[in-house]
Every structure is written in C-alpha cells, then in structure tokens.
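This report refers to the structure that appears directly beneath it.
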Amino acid sequence: SIDQDTTELTNLCREGRGESARALALAKKIAANLDELKYAIETALVDKVIEDFLDIATPLAKFTEVVVAPHTGQFEERADQLSQFSDRMVRTAKMVAVGTGNANKKVAEAILAVSGQIESMTPQLINAGRIRMVYPENKAADEHFNNLKSQYSELLHQGRAWLDEVTDSKAFISRSLKAMQDHADH
C-alpha cells in the first residue's frame with residue numbers, strides 16, 4: 001500500500017539510505033500508485049457529475065407540475081425530491097470545485113458561488129411553490145414562483161456549464177454517452 005511504502009521510504013531516508021536502489025524503487029512505486037489513485041478519483045468524480053447533472057430539468061418540471069396542478073399528497077414528495085436533487089448537485093459541484101485546486105481558481109470560485117445560490121434558493125422556491133399551490137388565483141404568488149423557478153433553472157445551467165469547463169472532456173463525453181444510453185434503455 002502507499003502508506004506502507006511511504007513509511008518504508010521515510011525510514012530509509014532517516015537511515016541515510018534515501019539514494020539506495022530500494023528507496024528509488026519505492027519512490028517510483030509510490031508515484032505510480034498516486035497516479036492510479038488520482039485517476040480513480042477523477043474517474044469517480046466524472047461519473048458523479050454525469051449521474052447528478054445528466055438530467056437537470058426533470059426534478060424542477062415534476063415539482064412545477066404538482067404546484068400548478070396539485071395532486072393530493074404529492075407536493076411534499078416532489079418538494080423533497082427537488083430538495084434532495086439540489087443537495088446532490090451542490091455536494092457534487094463543491095467536490096469538483098475543491099478538486100480543481102489552484103489549477104483554475106476562477107472557475108472553482110464560480111462553481112462555489114453558483115452552488116451557494118442553488119443551496120439558498122431551493123427552500124425559497126419550495127415555499128413559493130407551496131404558496132402558489134394554495135393560492136392559484138393570486139397573480140403575485142404566480143409571478144414570484146415563476147421568477148424563482150426561472151432563476152433556479154438558470155443557476156442549474158450555469159453550474160453545469162462551469163462543471164463542463166473543468167471536467168476532463170474525453171472521459172466526460174465517453175461516460176456521458178454511456179450514461180445517456182443506459183438512461184434511454186430504462
């Protein structure tokens with residue numbers, strides 16, 4: 001393991017054998033293992049982005065549907081689904097932002113800003129939906145809901161655009177095609 005190899009290399013260096021063949025072999029092995037780990041993490045992150053951002057329209061559309069044409073008992077279910085969707089998106093976006101490191105600080109900051117806006121807007125959108133559902137004839141409630149819905153949708157698209165910018169394009173395209181095919185098959 002990387003941990004054991006690092007400990008052994010540290011001990012060799014303390015003993016003054018940091019230039020030995022064994023120490024050099026351990027250093028190369030550690031570097032190769034770290035490259036494999038980095039690839040595995042990047043792959044998992046790309047998969048997570050695809051999973052969470054493949055369909056950004058449906059949760060909002062289903063929530064809107066129950067707001068404008070209420071079905072008994074479905075509001076809370078759709079509100080929870082929208083909230084969980086937002087939470088997943090925000091969590092994934094924050095992981096990507098942190099994962100970019102200093103490589104693209106401007107994009108990472110933009111991802112974090114959009115994530116924060118999605119996070120704070122979701123409960124407002126749900127409350128506006130609840131009010132719109134209870135008072136369907138109230139023009140102000142309808143306008144407020146539609147305004148928040150539009151802002152939320154725009155934030156989702158902005159977030160996805162920023163994530164697309166920092167995600168490995170070749171891996172992203174390949175995995176996206178597979179995910180879309182899997183999604184179409186179900």
Side-chain angles (χ1 to χ4, degrees), residues 1-60 62 80-123 152-186:
S1 78
I2 294 173
D3 205 25
Q4 292 169 333
D5 292 341
T6 304
T7 301
E8 185 178 347
L9 180 59
T10 301
N11 290 337
L12 287 172
C13 289
R14 279 192 199 128
E15 296 168 2
R17 297 186 300 160
E19 302 287 328
S20 68
R22 176 69 183 148
L24 294 175
L26 281 170
K28 285 182 183 178
K29 183 179 175 188
I30 292 167
N33 286 339
L34 287 174
D35 283 341
E36 286 178 31
L37 180 61
K38 179 183 175 195
Y39 176 77
I41 291 170
E42 287 172 350
T43 299
L45 197 50
V46 167
D47 289 346
K48 187 73 174 136
V49 167
I50 292 167
E51 177 186 323
D52 291 345
F53 286 82
L54 182 64
D55 180 10
I56 62 173
T58 300
L60 180 58
K62 286 184 176 182
D80 287 345
Q81 289 171 351
L82 184 67
S83 182
Q84 290 169 14
F85 166 75
S86 293
D87 289 347
R88 280 192 313 275
M89 291 208 31
V90 166
R91 211 172 25 255
T92 299
K94 286 179 178 180
M95 283 192 289
V96 171
V98 169
T100 63
N102 290 329
N104 202 334
K105 193 172 182 177
K106 177 188 169 210
V107 174
E109 288 172 355
I111 291 169
L112 290 172
V114 168
S115 297
Q117 289 175 305
I118 291 170
E119 200 168 31
S120 66
M121 183 171 282
T122 303
Y152 179 84
S153 179
E154 178 60 30
L155 286 170
L156 295 179
H157 285 88
Q158 285 176 11
R160 184 163 65 183
W162 284 118
L163 289 171
D164 287 351
E165 190 168 319
V166 295
T167 305
D168 176 30
S169 299
K170 186 176 178 183
F172 185 76
I173 291 168
S174 170
R175 286 192 171 78
S176 291
L177 290 173
K178 183 184 179 331
M180 283 186 264
Q181 182 62 46
D182 291 347
H183 190 71
D185 291 345
H186 291 107

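One-based numbering along the sequence shown.
Rounded to the nearest 0.5 angstrom, L82 CG and D87 CG are separated by 9.5 Å. Taken from OG1 in T92 to NZ in K94, the straight-line distance is 11.5 Å, to the nearest 0.5 Å. Separating the CG atom in L112 from the CH2 atom in W162 is a distance of 12.0 Å, to the nearest 0.5 Å. Separating the OG atom in S115 from the CG atom in L163 is a distance of 7.0 Å, to the nearest 0.5 Å. Atoms CZ and CG, on R160 and L156 in that order, are 8.5 Å from each other to the nearest 0.5 Å. Note that OG1 of T10 is 11.0 Å distant from CD of E15, once rounded to the nearest 0.5 Å.
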Next item on the list: Decide side-chain contact (heavy atoms from CB on, under 4.5 Å) for Q4 and T7; before the verdict, give the C-alpha distance in whole Å, the side-chain angles of both, and the deciding distance to 0.1 Å.
Entry: CA-CA 5 Å; Q4 292 169 333; T7 301; 5.7 Å; no

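With sequence neighbours excluded, the residues that form a salt bridge (Lys or Arg N to Asp or Glu O under 4.0 Å) with E8 are R22. Applying the side-chain hydrogen bond (donor to acceptor under 3.5 Å, both in side chains) rule to Q158 yields the partners E154; only residues at least two apart in sequence or on another chain are considered.
At distances below 3.5 Å, at least one donor-acceptor pair connects side-chain atoms of S120 with backbone N or O atoms of Q117.
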For residues 23-32, which side-chain N or O atoms pair as donor and acceptor with protein atoms under 3.5 Å away, sequence neighbours left out?
from : atom 1 : to : atom 2 : distance (Å)
K29  : NZ     : D5 : OD2    : 3.4

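The two residues T122 and S83 make their nearest non-hydrogen contact at CG2-CA, 3.9 Å. Of all heavy-atom pairs spanning D55 and F85, the tightest one is O-CE1, 3.8 Å.
The environment of E19 atom CD is sparse: at most 12 non-hydrogen atoms of other residues, nucleotides or ligands sit within 6.0 angstrom.
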